[in-house]
K.L.:
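Handing you a structure now.
Computed from heavy atoms alone, side chains included, the values below leave out hydrogens, waters and symmetry copies. As the structure is a computational prediction, the values presented were derived from the model and not from experiment.
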Amino acid sequence: MQRFDQSPTDPDFIQNPYPFYESVRAAGPLAWWDAYDLPVAAGYDAVNAFFRDRRFGRENPAPPPRPPHQAAFWAVEDHSMLEADPPRHTRLRAQVARAFTSRQIQARSFAIRDLAEDLAARMPDGPFDLLAHVARPFSVRIIATMLGVPEEEDGQLLAWSKAMVTMYQAGRTVADEERAAKAAGAFSARLDRIFAARRADPQDDLITRLLRISEEGDLSAAEVTATCILLLNAGHEATIHTLGNGVAGLLRTGLWGMPVTLSLVEEVLRHDPPLHMFVRHAREDLVVHGQAFKTGDRIGLLIGGANRDPLRYADPARFDPNRFDGEAPVALSLGAGIHFCLGAQLARLELFEMLRALAEAAPSLTLVEPPTYADIYHFHGLERVMVTKGG
């Protein structure tokens, strides 16, 4: 197995990790990434297969000891379905799906369209950051409204979320871990107060529905808390990055103004996804692609590489708004298998409505400075997208 000594904090790598993924793919189904001390896959077929292989999961069967300063973070995360495998994952996902149905998402489609159009109509006349003025308020407000979180708390939720996701970033420090634990504790305490209000005065929102399921005995109190935090965190963080990356990509390639179609939305998801690596753990001793895995061993699934595999996508580095009008396989940005993103329908709807609203409100949208990616990996999002509405 070929080894690669690529620092995930190298500035050039962060700005453009795709050449590295090409090298990894060329090495075969698996290669070794020294910086993470694990084998990685960057080809579409290999990544897709690992996602679907029940012999690999999110839970580590042999977890290492956790420092005490992380305790408050894991007190939440250990109850999240994102970190669960069957049979616990099967139970959790089935119960959460009862409260987060396709019908309920579709019922909010007009409200999502109205919010997108309102934010697009209120874009400043001069240069502005599209992430701050459009992407963040759009994505946070949608998931917070669906859950039933008061609008005035959006900013605090965003701050807690940002602190918590640092636990999954390369190069995190003890200080980062302490902030993540503190944020998890504060987030949980605030949700407890919202839960009490919903029990006293039920509403037509996700929190009320999850609490009813909990009262039936199908979700524990800790699982309700973890689910709400997961939906808030995952429901806005990836959407912000996807919108920013997608708009910047369209502007940089001169394709802004193309009709907003479902195919274009899929290409935005594929071309420059917001998450570039998921980790899975072997649930048993086994051999895959000639590599022996012991129980608990990790495998890194490089989604950014899989989405640009030339064996699955012709000219994969090119942004092609019509790519998914044909037979192109679905991108892996939203995962695959049993952990396929529960909010995939909502994510696609948000992207479609916001891109459409922006295109209609600002057909001459223009970049005013070259966008740069935030100094983190494996999240892959721009620091800001400075634009102007143009003429």
K.L.:
Tell me whether Thr208 contacts the main-chain N or O of Gln203 through its side chain, where contact means a donor paired with an acceptor under 3.5 Å.
P.N.:
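Yes: the side chain of Thr208 pairs with the backbone of Gln203.
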
K.L.:
For Asp78 and Arg88, work out which heavy atoms get closest and say how close.
P.N.:
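Smallest heavy-atom distance, with atoms named: O-NH1, 3.2 Å.
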
K.L.:
When Leu332 is tested against each of Leu269, Val47, Asp309 for side-chain contact (heavy atoms from CB on, under 4.5 Å), which residue passes?
P.N.:
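Testing Leu332 for a side-chain contact (heavy atoms from CB on, under 4.5 Å) against Leu269, Val47, Asp309 leaves exactly one candidate, Val47.
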
K.L.:
Is the distance from the ring center of Phe56 to that of Phe293 below 6.0 Å?
P.N.:
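Phe56 vs Phe293: aromatic centres under 6.0 Å.
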
K.L.:
Taking Ser214 for its side chain and Leu210 for its backbone only, find out whether a donor-acceptor pair lies under 3.5 Å.
P.N.:
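No, the answer is negative, given that no donor and acceptor are paired below the 3.5 Å cut-off.
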
K.L.:
I'd like to know if Asp85 pairs up with Arg54 as an ion pair, taking the criterion as any Lys NZ or Arg NE/NH1/NH2 lying under 4.0 Å from an Asp or Glu carboxylate oxygen.
P.N.:
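Salt bridge absent between Asp85 and Arg54.
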
K.L.:
Judged by atom type as modelled, is there a donor-acceptor pair below 3.5 Å linking the side chain of Glu353 to the main-chain atoms of Ile112?
P.N.:
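Absent.
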
K.L.:
Would you name the heavy atoms of Thr388 and Asp125 that are closest together and state the gap between them?
P.N.:
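Smallest interatomic distance, heavy atoms only, reads OG1-O, 3.8 Å.
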
K.L.:
Check this for me, if you would: do Asp34 and Arg3 make a salt bridge, where the nitrogen-to-carboxylate-oxygen distance has to be below 4.0 angstrom?
P.N.:
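Judged by the 4.0 Å cut-off on N to carboxylate O distance, Asp34 and Arg3 do form a salt bridge.
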
K.L.:
Could you check Arg252 against Phe319 for side-chain contact (heavy atoms from CB on, under 4.5 Å), going step by step and ending with a plain yes or no?
P.N.:
CA-CA 10 Å; Arg252 283 184 292 199; Phe319 191 105; over 6 Å; no

K.L.:
Between Arg283 and Glu59, is there a side-chain N and carboxylate O pair less than 4.0 Å apart?
P.N.:
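Salt bridge: no.
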
K.L.:
Strictly distance-based, threshold 3.5 Å: is any side-chain N or O of Asp205 a donor or acceptor partner for the main-chain N or O of Met146?
P.N.:
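Such a contact is absent between Asp205 side chain and Met146 backbone.
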
K.L.:
Between the main-chain N or O of Thr173 and the side-chain N or O of Asp176, is there a donor-acceptor pair closer than 3.5 Å?
P.N.:
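Indeed, once roles are kept as given, a pair shorter than 3.5 Å links the two residues.
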
K.L.:
Distance check, rounded to the nearest 0.5 Å: Leu302 atom CG versus Arg308 atom CZ?
P.N.:
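Going from the CG atom of Leu302 to the CZ atom of Arg308 covers 13.5 Å.
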
K.L.:
May I ask you to decide if the ring planes of Phe278 and Phe51 are parallel, tilted or perpendicular, using 30° and 60° as cut-offs?
P.N.:
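Phe278 and Phe51: perpendicular rings.
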
K.L.:
Do His276 and Phe379 have their ring centres less than 6.0 Å from each other?
P.N.:
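Centroid distance His276-Phe379: not below 6.0 Å, so no.
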
K.L.:
For Arg323 and Ala328, work out which heavy atoms get closest and say how close.
P.N.:
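In terms of heavy atoms, the two residues are closest at O-CB, 3.7 Å.
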
K.L.:
How long is the gap from CG on Leu130 to CG on Leu243, to the nearest 0.5 Å?
P.N.:
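If I round to the nearest 0.5 Å, the distance is 7.5 Å.
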
K.L.:
Work out which heavy atom in His89 is nearest to a heavy atom in Ala84; give both atom names and the distance.
P.N.:
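The pair with the smallest heavy-atom distance is CB-O, 3.4 Å.
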
K.L.:
Judged by atom type as modelled, is there a donor-acceptor pair below 3.5 Å linking the side chain of Asn245 to the main-chain atoms of His380?
P.N.:
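Indeed, once roles are kept as given, a pair shorter than 3.5 Å links the two residues.
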
K.L.:
Closest approach of Leu342 and Ala97, non-hydrogen atoms and distance?
P.N.:
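Distance-wise, the nearest heavy atoms are CD1-CB, 4.4 Å.
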
K.L.:
Do Thr366 side-chain atoms and Ser364 backbone N/O form a donor-acceptor pair below 3.5 Å?
P.N.:
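Side chain of Thr366 to backbone of Ser364: a pair is present.
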
K.L.:
Is it the case that Arg270 places NZ or CZ above or below the six-membered ring of Tyr313, under 6.0 angstrom from the centre and within 45 degrees of the axis?
P.N.:
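Ring-cation test returns yes.
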
K.L.:
Less than 3.5 Å apart, any donor N or O on the side chain of Tyr21 or Asn307 sitting next to an acceptor on the other?
P.N.:
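Not at all, the side chains of Tyr21 and Asn307 share no donor-acceptor pair under 3.5 Å.
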
K.L.:
Which heavy atom of Ala362 sits nearest to which heavy atom of Met123, and what is that distance?
P.N.:
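Looking at all heavy atoms of both residues, the shortest contact is CB-CE, 3.7 Å.
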
K.L.:
Quick one: do the Asp10 and Tyr377 side chains pair a donor with an acceptor below 3.5 Å?
P.N.:
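Not at all, the side chains of Asp10 and Tyr377 share no donor-acceptor pair under 3.5 Å.
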
K.L.:
I need the Glu383 CD to Ile376 CD1 distance, nearest 0.5 Å.
P.N.:
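Output value for this atom pair is 9.0 Å.
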
K.L.:
Using the rule given for side-chain contact (heavy atoms from CB on, under 4.5 Å), can you reason through Leu382 versus Thr372, listing the C-alpha separation, both sets of side-chain angles and the distance that settles it, and then say yes or no?
P.N.:
CA-CA 6 Å; Leu382 295 164; Thr372 58; 5.6 Å; no

K.L.:
For Asn16, I'd like to know if atom CG has over 12 heavy atoms of other residues, nucleotides or ligands within 6.0 Å.
P.N.:
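For Asn16, atom CG is crowded (more than 12 foreign heavy atoms under 6.0 Å).
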
K.L.:
Between Phe187 and Trp160, how do the two ring planes meet: parallel, tilted or perpendicular, split at 30° and 60°?
P.N.:
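Answer is tilted, since the angle falls between 30° and 60°.
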
K.L.:
Should we count CG of Asp315 as having more than 12 external heavy atoms under 6.0 Å?
P.N.:
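Counting other residues, nucleotides and ligands, CG of Asp315 exceeds 12 neighbours.
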
K.L.:
Measure the CG-CD1 distance between Leu82 and Ile229 for me, rounded to the nearest 0.5 Å.
P.N.:
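Between Leu82 CG and Ile229 CD1, I get 12.5 Å after rounding to 0.5 Å.
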
K.L.:
Whether Glu177 and Arg66 form a salt bridge (side-chain N of Lys/Arg under 4.0 Å from carboxylate O of Asp/Glu) is what I want to check.
P.N.:
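No, Arg66 and Glu177 are not salt-bridged.
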
K.L.:
Taking only Lys NZ, Arg NE, NH1 and NH2, and the carboxylate oxygens of Asp or Glu, determine whether Arg98 and Asp218 approach each other closer than 4.0 Å.
P.N.:
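A salt bridge links Arg98 with Asp218.
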
K.L.:
Taking Trp33 for its side chain and Gln6 for its backbone only, find out whether a donor-acceptor pair lies under 3.5 Å.
P.N.:
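Here the side-chain-to-backbone pair exists.
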
K.L.:
Answer yes or no: is there a donor N or O on one side and an acceptor on the other, between the side chain of Glu223 and the main chain of Ser220, under 3.5 Å?
P.N.:
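Pair found, side chain donor or acceptor close to backbone of Ser220.
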
K.L.:
Do the non-hydrogen side-chain atoms of Phe4 and Val24 ever get within less than 4.5 Å of each other?
P.N.:
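A side-chain contact exists here, since the closest heavy-atom pair is under 4.5 Å.
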
K.L.:
Identify whether NZ of Lys or CZ of Arg in Arg108 sits under 6.0 Å from the centre of the six-membered ring of Phe110 and within 45° of that ring's axis.
P.N.:
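That pair does not qualify as a cation-pi contact.
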
K.L.:
Taking Arg280 for the side chain and Ile299 for the main chain, is one N or O donor matched with an acceptor at less than 3.5 Å?
P.N.:
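Answer holds: no.
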
K.L.:
Can you tell me how far NE2 of His271 sits from CG of Leu250, rounded to the nearest 0.5 angstrom?
P.N.:
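Rounded to the nearest 0.5 Å, the CG-NE2 separation comes out at 9.5 Å.
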
K.L.:
CZ of Arg198 to CG of Leu206: how many Å apart, nearest 0.5 Å?
P.N.:
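With rounding to 0.5 Å, CZ (Arg198) is 11.0 Å from CG (Leu206).
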
